[in-house]
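Notes for the one structure printed next.
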Amino acid sequence: QVNLVESGGGLVQPGGSLRLSCAASGRIFRINGMGWYRQAPGKPRELVAATTGGGDPNYADSVKGRFTISRDSAKKTVVLQMISLKPEDTAVYYCNADGNFCSVYGCMIRGERFDSWGQGTQVTVSS
């Protein structure tokens with residue numbers, strides 16, 4: 001099992017900033033991608049930003065220039081820095097990670113794949 005624990009959500013005024021953090025733990029052999037998704041009431045979950053750790057991060061058009069994703073592979077953490085927040089950014093933000101578990105023979109051998117989600121953290125942008 002992989003646990004993703006998010007922190008940093010809250011209430012902020014339009015134009016304000018927030019920083020979301022996510023830490024992964026468990027019997028992890030390797031994490032390939034880490035990212036953030038969000039879901040507003042009555043809307044489907046959508047990608048906000050994601051990184052594979054190799055190429056350039058991928059951002060939703062609506063957040064480009066305002067949100068920055070960064071990752072520490074050694075610490076198994078990913079951070080979403082959000083500035084110039086707008087009311088339409090209001091949503092529950094979810095951390096996602098995919099990769100491989102350690103095998104049943106130990107963590108020197110790659111095991112099965114995983115694709116895990118955090119419990120979500122509420123971000124509300126309102127005056």
Side-chain angles (χ1 to χ4, degrees):
Q1 182 179 356
V2 173
N3 292 315
L4 299 176
V5 178
E6 302 128 332
S7 61
L11 173 64
V12 64
Q13 292 186 343
S17 301
L18 279 176
R19 183 175 183 270
L20 305 183
S21 298
C22 174
S25 63
R27 288 181 52 80
I28 299 171
F29 174 82
R30 178 180 62 205
I31 296 177
N32 295 326
M34 295 190 83
W36 291 92
Y37 291 71
R38 68 187 180 187
Q39 187 166 20
K43 294 186 177 180
R45 190 173 297 188
E46 63 175 359
L47 171 71
V48 177
T51 174
T52 61
D56 292 334
N58 184 30
Y59 294 95
D61 288 342
S62 60
V63 307
K64 285 180 180 177
R66 300 188 297 121
F67 291 11
T68 303
I69 188 170
S70 58
R71 175 178 169 179
D72 186 325
S73 295
K75 295 181 179 179
K76 300 182 181 65
T77 60
V78 64
V79 170
L80 185 69
Q81 180 67 49
M82 306 184 292
I83 65 171
S84 302
L85 283 160
K86 304 175 181 180
E88 51 263 44
D89 294 317
T90 296
V92 178
Y93 284 69
Y94 296 91
C95 178
N96 174 265
D98 68 87
N100 294 88
F101 291 109
C102 299
S103 78
V104 295
Y105 304 106
C107 285
M108 296 299 292
I109 301 174
R110 183 179 64 189
E112 294 182 355
R113 288 190 56 82
F114 68 82
D115 190 334
S116 296
W117 294 89
Q119 79 284 358
T121 185
Q122 178 70 45
V123 171
T124 301
V125 184
S126 175
S127 55

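Bear in mind the structure is a predicted one, so any value in this text is a computation, not a measurement. Along the sequence shown, residues carry numbers from 1.
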Listed once per pair and sorted, the salt bridge (charged side-chain N to carboxylate O under 4.0 Å, His left out) pairs that draw on residues 118-127, sequence neighbours left out: none
As an exercise, state the distance from SG of Cys102 to CE of Met108, rounded to the nearest 0.5 Å. 10.0 Å
Quick note, side chain to side chain donor-acceptor pair (under 3.5 Å) partners involving residues 74-86, not counting sequence neighbours, are none
Side-chain polar contacts of residues 113-125 - donor-acceptor pairs under 3.5 angstrom, sequence neighbours left out - could you list them?
unit_1 : atom_1 : unit_2 : atom_2 : d
Arg113 : NH2    : Asp98  : OD1    : 3.4
Asp115 : OD1    : Asn96  : ND2    : 2.8
Gln119 : NE2    : Glu6   : OE1    : 3.4
Thr121 : OG1    : Gly9   : N      : 3.3
Gln122 : NE2    : Ala91  : O      : 3.4
Gln122 : NE2    : Thr124 : OG1    : 3.3

Can you list every pair that meets disulfide bond (SG atoms under 2.5 Å apart) and has a residue in residues 56-99, with sequence neighbours left out? Cys22-Cys95
Those residues that, when tested against Asp61, pass salt bridge (charged side-chain N to carboxylate O under 4.0 Å, His left out) (two or more places apart): Lys64
Within a 6.0 Å radius of atom CD on Glu112, are there more than 12 heavy atoms belonging to other residues, nucleotides or ligands? no
So, for Gly65 and Ile83, which heavy atoms are closest and what is the spacing to 0.1 Å? O-CD1, 4.4 Å
Sequence-distant partners of Gln1, side chain to side chain donor-acceptor pair (under 3.5 Å), two or more places apart: Asn3
Name each donor-acceptor pair under 3.5 Å that joins a side chain in residues 41-49 to protein atoms two or more places apart or in another chain, with its distance.
unit_1 : atom_1 : unit_2 : atom_2 : d
Glu46  : OE2    : Arg38  : NE     : 2.7
Glu46  : OE2    : Arg38  : NH2    : 3.3

Not counting sequence neighbours, which residues clear side chain to side chain donor-acceptor pair (under 3.5 Å) with Asp72? List them please. none
Can you name the side chain to side chain donor-acceptor pair (under 3.5 Å) partners of Arg27, sequence neighbours left out? none
Could you note down all residue pairs passing ring-ring contact (aromatic ring centres under 6.0 Å, His included) where residues 64-98 supplies at least one of them, sequence neighbours left out? none
Please report the interatomic distance CG(Asn32) to CG(Asn100), rounded to the nearest 0.5 Å. 6.0 Å
Expected output: side-chain Tyr59 to main-chain Arg66 donor-acceptor under 3.5 Å: no
Are Val92 and Tyr37 connected, step by step, through hydrophobic side chains (Ile, Leu, Val, Met, Phe, Trp, Tyr) whose heavy atoms are closer than 4.5 Å? yes
Which atom of Val78 lies closest to which atom of Met34, heavy atoms considered: CG1-CE, 3.7 Å
Calculate, to the nearest 0.5 Å, the distance between atoms CG and CD1 belonging to Leu20 and Ile69 respectively. 10.0 Å
ring-ring contact (aromatic ring centres under 6.0 Å, His included) contacts in which one or both residues fall within residues 3-34, not counting sequence neighbours: none
Side-chain atoms of residues 11-18: list all donor-acceptor pairs with protein atoms under 3.5 Å, sequence neighbours left out, distances to 0.1 Å.
none

